[in-house]
Protein chains: 4
Amino acid sequence: MSAEPSERSDLPAMAGTPATPPASHQRRKAERPSELLDAALQLFVEKGFAATKTEDIARLAGVSKGTLYLYYTSKEDLLREVISQRVSTRIAEGLAQAAAHQGSATELMRTLLVDWWMQTLESDASGVFKLVVSEVRNFPEIAELWFNEVSQPGSQLIGGMVQRGIDSGEFRPVDVLSVVYSIVMPLVMLCVHRHSLGACECPGMSLEPQAFIRAHIDLVLRGISTHPEP
Amino acid sequence: MSAEPSERSDLPAMAGTPATPPASHQRRKAERPSELLDAALQLFVEKGFAATKTEDIARLAGVSKGTLYLYYTSKEDLLREVISQRVSTRIAEGLAQAAAHQGSATELMRTLLVDWWMQTLESDASGVFKLVVSEVRNFPEIAELWFNEVSQPGSQLIGGMVQRGIDSGEFRPVDVLSVVYSIVMPLVMLCVHRHSLGACECPGMSLEPQAFIRAHIDLVLRGISTHPEP
Amino acid sequence: MSAEPSERSDLPAMAGTPATPPASHQRRKAERPSELLDAALQLFVEKGFAATKTEDIARLAGVSKGTLYLYYTSKEDLLREVISQRVSTRIAEGLAQAAAHQGSATELMRTLLVDWWMQTLESDASGVFKLVVSEVRNFPEIAELWFNEVSQPGSQLIGGMVQRGIDSGEFRPVDVLSVVYSIVMPLVMLCVHRHSLGACECPGMSLEPQAFIRAHIDLVLRGISTHPEP
Amino acid sequence: MSAEPSERSDLPAMAGTPATPPASHQRRKAERPSELLDAALQLFVEKGFAATKTEDIARLAGVSKGTLYLYYTSKEDLLREVISQRVSTRIAEGLAQAAAHQGSATELMRTLLVDWWMQTLESDASGVFKLVVSEVRNFPEIAELWFNEVSQPGSQLIGGMVQRGIDSGEFRPVDVLSVVYSIVMPLVMLCVHRHSLGACECPGMSLEPQAFIRAHIDLVLRGISTHPEP
DNA sequence: GATGAATGAGGTTTCATTCAT
DNA sequence: AATGAATGAAACCTCATTCAT
């Protein structure tokens, strides 16, 4: 939220000057789209697309109703952009992290999955899961985007790790796809939950997310391991 | 469609009851509320609460716009009724099934969980999961209902089974709540998915639900078992 | 204006009863479209399409904003309907009158043209000329309608009369089309004028329309006659 | 485009005038108002006042939205200026031409009317007729302007010629005003038509304007002449 | 002078709800 | 009980105008 990287850090600030932003008008223009996207995501996730008023998005972003339309052609456009933008950011992160790590499949899964999903859960990207679940049927193009950019690469990545474990003898010869779902669905659900029932006053899930993620991964690993630890 | 047997089955009234009156008309009247609820559920799940028009609900139920208001005081009323009605029906079913079964914790879980969730997934009750996920934040009373009628008793039931397994030595002394979530979240997610991404044209999950549910339960059981089968 | 023929004069009213209208609700519904069209025509002609507010049309027709949309799908729809409806009515009238008359070409023109154009000028159909002139370029479909339903048949009719006069020796062998325009353009312009400059306070044209029309037709007839009266 | 010779023709400044300054930039500045008026006229005529966007006017004139407001205080101001400017230019031309000519009333009308109206029809001044017809009722001040600057002097001029013909025995003792309208209305209508139905794809008037104007004047002259040519 | 980002009043259209029939 | 015509609040979006740069 409000994490705009302030675009192209404009020349190293001269020592002493407190990095004055170049000019309020220009600054604003550069940041508007991102601020609007943040506001839109927050409200779409909270209230749903149809129940969110464009004026509220604008107000939350600190601009007037009309300004929104200088940057996005319609409320629906805003929805598309919010999803595709936030999703691609997060997926790129995941691939980068995967490339950086190494080790046994077991180790890899224990670190990579826990890290990436914790970051996702705690960033506002987690809201996108709930948003997509709620709105795909009204906006079929989102389905395609999601499949190509998220489901497919995600399954590939995790499925690849499971397969490696099988090949190396760490894991039993399980049905890879089925295991991928067993691993991933609770994590997705965690994100969804955080922005639906989890956001309500009610007692809710009395369990630390991080603790649960670790326990869940361990549970699955033990379930597929050839040599379960005692 | 749990309840309404659809007006076609006009079985002869049992002797003793006064010759059933012009049937088709009387029957209809009695079934209206339920038909409206069916229609509402279908559309709320498909389009979301805000994007569903009362007129569409009425039309789908085969009545006029005004008639809807003879049975329900508002669109929101319809939402509340749909959820609480469908939910209580399904939960009662679950408790009944649980009471009927017996055997080891492992066995119990393998049959009970698979059966109940498969029925739920295939009935239109599965849509309620998606509906609740999408709408709770706009209607906080739903959260309370859900917690009291679903989350709480559901966790109790499954948690109870896990605890029994631990007590009997079938399962390792795991954190019960955590395991409950690992078990249940993919199953909930399956229901949600069926009415969001799963309902789109896109390739989607290429996995038989029943096969997955079995595999998932097995995976978890192996993960918590003290004597995993080789 | 407000000249709705009250649809299907419902059975001869019993002598004594003042022809009670059948039921206010039903009555209204039947008359609404026509009342809305009247209101729309008046305002579109007066202010132009873009400057007319749908709410004003509704108010002038004595209904609320929303009611308008029960009968017409959009403001533009209203424009199309107004034009095509009023035009076809008037043209049918003209053809009927032409069929009814007979006599020499000269006589025919002197009666038919004067009568039809005077009626048109004084009915609210005259506004349609101004409306079409002002709006065709924004709504090209109107051009087609106008050409097929008005320009074409109108030219045919008048051109036919001129040709008959030439054939019978009443008129010199003039260029028919050119004469048609010389005849018709001032009459069209009279209609247009009545709803633009003619509607302003300014001194305006100090000439009785009927007197002008007669004089104009006489002038043209003398211009093409083979035996101009002395 | 009566006035602005378009910045391309940079004829060498006549000796004596100080070497023209950085030309293209200075020139532009001086021509801005006129370029804006041209753009405004074109769009007002094409789309109507209300449906024309100030931004489109600015873009067509090659400046930004804000610049427009440096020269004109409002969109309405632009409308007033466009009309009064174009009108006075054209009327002045007409008076000049009238003063330059001489001869019999018949001759005068045959040359003067044909020339002036052909020039008007082909310049963008013709659009002003359509614009005025469409917009007077929304801007009553235009009516006054039009009456004083156009209708009045125009009627005077033409009426004067007719009267001269009557006095000289060329024309019969007709009603002058009526004849003026018979003469002028088709010519005005020609201008209006050119920017409304005439601008559409439809078949349209299949008649050369110049041929028609000549024929029309001839027709009227024959209609009022005391000695019609055989 | 020139720009174009920003504003917000105002216009069109939708839709939950009412109520006369 | 059932209908569906009518309402009007409210939502989306546009665009004339302003003003900081």
Side-chain angles (χ1 to χ4, degrees), chain A residues 22-30 32 50-59 62-78, chain B residues 25-26 28-29 32 49-59 62-78, chain C residues 22-30 32 50-59 62-78, chain D residues 25-26 28-29 32 49-59 62-78:
Chain A
S24 85
H25 234 222
Q26 289 307 318
R27 274 304 298 280
R28 303 314 299 271
K29 177 166 166 54
R32 282 286 139 80
T52 297
K53 300 175 229 175
T54 51
E55 187 160 11
D56 288 346
I57 298 175
R59 192 185 0 262
V63 298
S64 75
K65 223 183 334 177
T67 300
L68 191 156
Y69 290 90
L70 295 177
Y71 297 96
Y72 299 94
T73 62
S74 68
K75 197 176 147 184
E76 195 174 332
D77 185 29
L78 212 37
Chain B
H25 195 64
Q26 286 301 326
R28 295 219 58 140
K29 226 185 322 207
R32 283 283 146 79
F49 177 80
T52 296
K53 298 177 226 174
T54 52
E55 187 161 12
D56 289 346
I57 297 175
R59 186 177 16 253
V63 298
S64 77
K65 226 180 339 173
T67 301
L68 192 156
Y69 287 87
L70 295 175
Y71 296 98
Y72 299 95
T73 65
S74 69
K75 195 176 152 185
E76 195 175 331
D77 185 29
L78 214 36
Chain C
S24 87
H25 233 223
Q26 289 307 317
R27 275 303 299 280
R28 302 316 297 273
K29 178 166 166 52
R32 282 285 138 79
T52 297
K53 299 176 230 175
T54 51
E55 187 160 13
D56 288 345
I57 298 175
R59 192 186 358 264
V63 298
S64 77
K65 225 181 333 173
T67 300
L68 191 157
Y69 289 90
L70 294 177
Y71 297 95
Y72 298 96
T73 63
S74 67
K75 198 176 147 186
E76 195 175 333
D77 184 30
L78 212 37
Chain D
H25 194 64
Q26 286 302 325
R28 296 220 57 142
K29 230 193 306 219
R32 283 281 148 79
F49 177 79
T52 297
K53 297 176 227 176
T54 52
E55 185 161 14
D56 288 345
I57 298 175
R59 184 174 21 250
V63 298
S64 76
K65 224 179 336 172
T67 301
L68 190 156
Y69 287 87
L70 295 174
Y71 295 98
Y72 299 95
T73 66
S74 69
K75 195 176 152 185
E76 194 175 333
D77 184 31
L78 214 36

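In what follows, every chain begins at residue 1, and chains take the letters A, B, ... in the order their sequences are listed.
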Distance (rounded to the nearest 0.5 Å) between D:I57 CD1 and D:L78 CG: 5.0 Å

OP1 or OP2 of F:dC12 under 4.0 Å from side-chain N/O of A:T54: yes

Distance, nearest 0.5 Å, that separates NZ of B:K53 from CZ of B:R59: 8.0 Å

Euclidean distance, atom CD of residue A:E55 to atom C1' of E:dA9 [Å, nearest integer]: 11 Å

Length of the line joining C:K75:NZ and E:dT14:C1', which is rounded to integer Å: 17 Å

Closest to the B:K53 side chain, choosing from F:dA16, F:dT7, E:dC15: E:dC15

Which residues share a salt bridge (charged side-chain N to carboxylate O under 4.0 Å, His left out) with A:E55, sequence neighbours left out: none

Separation of atom CZ in A:R59 from atom C1' in E:dG8, rounded to whole Å: 13 Å

Considering all heavy atoms, the nearest C:A50-C:K75 contact: O-NZ, 3.6 Å

C:D77 side, atom CG; C:L68 side, atom CG - distance, nearest 0.5 Å: 9.5 Å

Rounded interatomic separation in angstrom, taking CG from B:L68 and P from F:dG4: 14 Å

Any A:T67 side-chain N or O less than 4.0 Å from OP1/OP2 of E:dA6: no

Touch class at under 4.0 angstrom, heavy-atom based, for A:T52 against every strand present: sugar-phosphate

Options F:dT17, E:dT17, F:dC13, nucleotide nearest the side-chain atoms of A:S74: F:dC13

Minimum-distance nucleotide to B:Y71 side chain [options: F:dA1, F:dT7, E:dA5]: F:dA1

Heavy-atom donor-acceptor pair, C:K65 side-chain to E:dG11 base, under 3.5 Å: no

Nucleotide nearest A:L70 (side chain, heavy atoms from C-beta), chosen from E:dA5, F:dT3, F:dG8: E:dA5

Between F:dA6 (C1') and C:Y72 (OH): distance, integer Å: 16 Å

For DNA chain F, the dot-bracket pattern of Watson-Crick and G-U pairs whose distances stay under 3.5 Å, | for other-strand partners: .||||||||||||||||||||

Given DNA chain E, 5'-ward residue of the pair B:F49 and D:S64, judged by closest heavy atom: D:S64

Side chain to side chain donor-acceptor pair (under 3.5 Å) involving B:S64 - partner list, sequence neighbours excluded: B:T67

For atom CD of A:E76 and atom C1' of F:dA11, their distance in whole Å: 15 Å

Contact under 4.0 Å: A:Y69 side-chain N or O vs E:dT7 OP1/OP2: no

Nearest-nucleotide comparison on DNA chain E, the residue closer to the 5′ end among B:G66 and A:G62: A:G62

Below 4.0 Å: OP1/OP2 of F:dA2 and any side-chain N or O of B:R32: yes

